[in-house]
There are 2 protein chains.
Amino acid sequence: MESIVKTDSRGRKTVLNACTEPCAIEKGMRLIGGKWTGSIIYHLKDSPVRFNDLGRMLGGASKKMIDQRLKELEARGMVVRKVINDRPVAVTYELTEFGRSALKILEDLRVWSEANSI
Amino acid sequence: MESIVKTDSRGRKTVLNACTEPCAIEKGMRLIGGKWTGSIIYHLKDSPVRFNDLGRMLGGASKKMIDQRLKELEARGMVVRKVINDRPVAVTYELTEFGRSALKILEDLRVWSEANSI
DNA sequence: AGATGTAGGTTACTAAAAGTAAACTAATTG
DNA sequence: CAATTAGTTTACTTTTAGTAACCTACATCT
């Protein structure tokens, strides 16, 4: 991660240790940083939540967005979808251990964000 | 942040403490989470960096993106643009105290991201 | 002198993602 | 029976992201 810009004798520049394509920060952001992704993970922190309840909690995110994000999170193994009832279809989403491992970062982000009351 | 879904006697649901529009996590993500934003902040952590050097370090981000992100970061007071030379125009970008305050989160994100080598 | 390279951008245009609104199946309540 | 809830899906519009070429000014190489 220590990128070093090297200048040769003729003023030409090259970088040693450049971020190999998307670097760790960028990769991490792509797991956690998508629009609404962090909020969804954070709202699942205490217990499994049902689809529409999540929508109500998130205020501002469309059903399509939530659906899309949940599917991405499921594909990455951060969230599990569980059908808890058939007759009237009822589904909950909950965090996996991996999903849970992101909570610390999100909690820090929340504290930082609130401290800078933007 | 403790959203509670309340169900009334007739099964109607409402949420207490819903995320008031974009909640803290979401707001924080909008400061730090945009594409390349986190990476840019992180690469400015040690010293001021020049525009094109940043481009070389980030590998994969276009000049337009970097320019756009730097302008946003400047507008939010997270980064300062400094003209260090006129004859051949030379510019550096460096973090403000506020910008610097985001580094801990980014560092944690990097560690998490690398640990889960995605 | 003329071609090439560097720095710091801007412009025009295309592709991909986000957002909105409505529709759909199936069951439940009044 | 009409209205409501749950969990999506579809069609369509608006924003963003990304690409590539271009521009001004200075410096160096041949």
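Predicted, not measured: the structure shown is a model, and the values here were computed from it. Below, chain A is the first sequence line, B the second, and so on; all start at residue 1.
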Can you figure out which of [options] approaches the side chain of [X] most closely?
X       : options               : answer
B:Ser62 : C:dG8, D:dT8, D:dT19  : D:dT19
B:Gln68 : C:dG19, D:dA17, C:dA7 : D:dA17
B:Asn52 : C:dA7, D:dG7, D:dC26  : C:dA7
B:Asp67 : C:dG19, D:dG7, C:dT10 : C:dT10

In whole angstrom, what separates [X]'s [atom1] from [N]'s [atom2]?
X       : N      : atom1 : atom2 : result
B:Leu70 : C:dA7  : CG    : C1'   : 14 Å
A:Arg30 : C:dA18 : CZ    : P     : 12 Å
B:Ile84 : C:dA7  : CD1   : P     : 11 Å
B:Lys64 : D:dC23 : NZ    : P     : 19 Å
A:Met65 : D:dC12 : CE    : C1'   : 14 Å
B:Asp53 : C:dA7  : CG    : P     : 6 Å
B:Asn85 : D:dC26 : CG    : P     : 11 Å
A:Arg69 : D:dG7  : CZ    : C1'   : 19 Å

Under 4.0 Å: is that the gap between some side-chain N or O of [X] and OP1 or OP2 of [N]?
X       : N      : result
B:Lys71 : C:dG9  : no
A:Arg50 : D:dG7  : yes
A:Arg81 : D:dT8  : yes
A:Arg56 : D:dA6  : yes
A:Trp36 : C:dA18 : no
B:Tyr93 : C:dG9  : yes

- Parallel, tilted or perpendicular: which fits the ring planes of B:Trp112 and A:Phe98, with parallel below 30° and perpendicular above 60°? parallel
Looking at [X] and [Y], does any basic side-chain N land under 4.0 Å from a carboxylate oxygen?
X        : Y        : answer
A:Arg110 : A:Glu107 : yes
A:Arg69  : A:Glu72  : yes
A:Asp67  : A:Lys64  : no

- For A:Ala90, report the nucleic acid contact type (base, sugar-phosphate, nothing); a contact means any heavy atom under 4.0 Å. sugar-phosphate
- For A:Glu94, the option from A:Lys45, A:Arg81, A:Arg50, A:Lys82 that meets salt bridge (charged side-chain N to carboxylate O under 4.0 Å, His left out): A:Lys82
- Pairwise 5' ranking along DNA chain D for A:Val91 and A:Lys35, keeping only the more 5' one: A:Val91
- Considering only heavy atoms and no angle criterion, is a donor-acceptor pair shorter than 3.5 Å present between the side chain of B:Lys63 and the base of C:dG8? yes
- Answer yes or no: is there a side-chain heavy-atom contact under 4.5 Å between A:Leu31 and B:Asn116? no
